[in-house]
Amino acid sequence: MPIDVDEVQRLKAIAEATLAVAAREGASAITIRAVARELGGSTAMVTNYVPTRIALIINAVRAAESRWRTDLEAHLADQTGADRLRATVEWHLSTEPEDLLLRTLWVEMLSSAHADPASVDRHEPRASREEFLEAAAAAGVPDAGLAADVLSLLTRGYYVSTMEEPAYWTAERAGRVARAMVDALIGD
């Protein structure tokens, strides 16, 4: 008799195990065997839901996205106008350990794009750009679309920079750049 498994819960457990392996041993240590070992089961326990290493990484990144949205909404709770735009940008420039880990996974995911273009998650960057667009429009930025594009490029570039030079790109330095960029876009 087959075992009844909740697919959503299993994918969530696989995502958590993937993040645990990456946090402890680095992104390069993510394998189906390592994640199965973390779960205390067989590789079939993983491959029945997530068939490849890149799929493991994508699953972990997507699981984190829902937490990001909840965290962003809480961070912006009572912010309006230019303050909301600044807070949105600063939130995207976080240097929390989990964010840095997820950026490493994001780069791993992007590195597979040449072989499997469908493996790249395009939802999250589009959602982020939409957040910038809404915040820029609410702040009265004259060209909110251009502002959203500039801020998208700024934050995506920052993600790579924090992996290249983490000691240089501190939260303080990133915040200073973000404030200057938002002030320039607003016209302050």
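For reference, positions follow the sequence shown, starting with 1.
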Novice: Find out whether D99 and W91 are in side-chain contact, i.e. whether some heavy atom of one side chain is under 4.5 Å from a heavy atom of the other.
Specialist: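 D99 vs W91: side chains apart.
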
Novice: Give me the atom names and distance for the closest heavy-atom approach of S42 to A36.
Specialist: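 So the two residues come closest at O-CB, 3.4 Å.
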
Novice: Just verifying a value: how many Å separate D149 CG and D143 CG, rounded to the nearest 0.5 Å?
Specialist: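 CG of D143 is found 8.5 Å from CG of D149.
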
Novice: Can you tell me if R173 uses its side chain to pair, donor with acceptor, with the backbone of W169 under 3.5 Å?
Specialist: no

Novice: How would you list, by chain and number, every residue that makes a ring pair (Phe, Tyr, Trp, His ring centres under 6.0 Å) with Y158, sequence neighbours excluded?
Specialist: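 In terms of ring pair (Phe, Tyr, Trp, His ring centres under 6.0 Å), with neighbours along the sequence ignored, Y158 is linked to no residue.
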
Novice: Applying the 4.5 Å side-chain criterion to the ILVMFWY set and letting contacts propagate, would M181 and Y168 be lumped into a single cluster?
Specialist: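 Yes, it is one cluster - the side chains of M181 and Y168 are joined through contacts under 4.5 Å.
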
Novice: Quick check: are there more than 12 heavy atoms from other residues, nucleotides or ligands sitting under 6.0 Å from CZ of R126?
Specialist: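 Result for CZ/R126: open.
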
Novice: For a quick test of reading the model, state the closest non-hydrogen atom pair linking I32 to V50 and the distance between them.
Specialist: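 Heavy atoms only, the tightest pair is CD1-O, 4.3 Å.
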
Novice: About how many Å separate CZ of R176 and CG of L93, when rounded to the nearest 0.5 Å?
Specialist: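 The distance works out to 14.0 Å.
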
Novice: Please check if the number of heavy atoms outside D6 that lie under 6.0 Å from its CG is greater than 12.
Specialist: yes

Novice: Under a 4.5 Å side-chain heavy-atom rule over Ile, Leu, Val, Met, Phe, Trp and Tyr, are L153 and V141 clustered together?
Specialist: no

Novice: Is T88 close to H92 at the side-chain level, that is, under 4.5 Å between some pair of heavy atoms?
Specialist: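 Side-chain contact under 4.5 Å: yes.
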
Novice: What's the separation between atom OG1 in T47 and atom CG in L56, rounded to the nearest 0.5 Å?
Specialist: 9.5 Å

Novice: Could you go through E16 and E38, starting from their C-alpha distance and side-chain angles, then the distance that decides it, and tell me whether this counts as side-chain contact (heavy atoms from CB on, under 4.5 Å)?
Specialist: CA-CA 9 Å; E16 290 170 2; E38 184 73 23; over 6 Å; no

Novice: How close do A178 and V89 get, counting heavy atoms only, and between which atoms?
Specialist: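 Answer, listing the atom of A178 first, then V89: CB-CG1, 3.5 Å.
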
Novice: Report the C-alpha separation of R86 and D183 in whole Å, then their side-chain angles, then the decisive distance to 0.1 Å, and conclude whether the side-chain contact (heavy atoms from CB on, under 4.5 Å) test is met.
Specialist: CA-CA 9 Å; R86 284 184 190 93; D183 289 348; 2.7 Å; yes

Novice: Any Lys/Arg nitrogen of E124 or R156 sitting under 4.0 Å from an Asp/Glu carboxylate oxygen of the other?
Specialist: yes

Novice: Indicate yes or no: does R53 engage E108 in a salt bridge with an N to O separation below 4.0 Å.
Specialist: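 Salt bridge between R53 and E108, a charged N being under 4.0 Å from a carboxylate O: yes.
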
Novice: Partners of V107 by side chain to side chain contact (heavy atoms under 4.5 Å, CB included), sequence neighbours excluded?
Specialist: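 Side chain to side chain contact (heavy atoms under 4.5 Å, CB included) list for V107, sorted by chain: M163.
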
Novice: Hey, quick one: are L101 and I57 part of the same hydrophobic cluster, counting side-chain heavy atoms closer than 4.5 Å, chains of contacts allowed?
Specialist: yes

Novice: Is the shortest distance from a Lys or Arg side-chain nitrogen in E131 or R84 to a carboxylate oxygen in the other one below 4.0 Å?
Specialist: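 Salt bridge absent between E131 and R84.
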
Novice: Starting at CG of L85, measure out to CG of L133 and round the result to the nearest 0.5 Å.
Specialist: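 These two atoms lie 10.5 Å from each other.
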
Novice: L100 and W68: same hydrophobic cluster, using ILVMFWY side-chain contacts below 4.5 Å?
Specialist: no

Novice: Can you hop from F132 to I186 via hydrophobic side chains spaced under 4.5 Å?
Specialist: yes

Novice: Which heavy atom of T104 sits nearest a heavy atom of A27, and at what distance?
Specialist: CG2-CB, 3.6 Å

Novice: Just verifying a value: how many Å separate E134 CD and R129 CZ, rounded to the nearest 0.5 Å?
Specialist: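 Reported value, rounded in 0.5 Å steps: 11.0 Å.
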
Novice: Applying side-chain contact (heavy atoms from CB on, under 4.5 Å), run through L72 and R69 and close with a yes or a no.
Specialist: CA-CA 5 Å; L72 178 59; R69 297 291 157 243; 4.1 Å; yes

Novice: Looking at Q9, I want to see if its CD is surrounded by more than 12 non-hydrogen atoms of other residues, nucleotides or ligands under 6.0 Å.
Specialist: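 Count over threshold, so yes.
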
Novice: Determine the minimum heavy-atom distance between A15 and N59, stating which atoms define it.
Specialist: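 That would be N-ND2, 3.3 Å.
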
Novice: Please name the pair of heavy atoms, one in I30 and one in L105, separated by the smallest distance, quoted to 0.1 Å.
Specialist: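 Here I30 and L105 meet closest at CD1-CD2, 3.3 Å.
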
Novice: Please report the interatomic distance CG(L102) to CD(E98), rounded to the nearest 0.5 Å.
Specialist: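 Nearest 0.5 Å value for the CG-CD distance: 5.0 Å.
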
Novice: Is there a side-chain contact (heavy atoms from CB on, under 4.5 Å) between L185 and L151? Walk through the geometry before answering.
Specialist: CA-CA 10 Å; L185 290 167; L151 295 172; 3.8 Å; yes

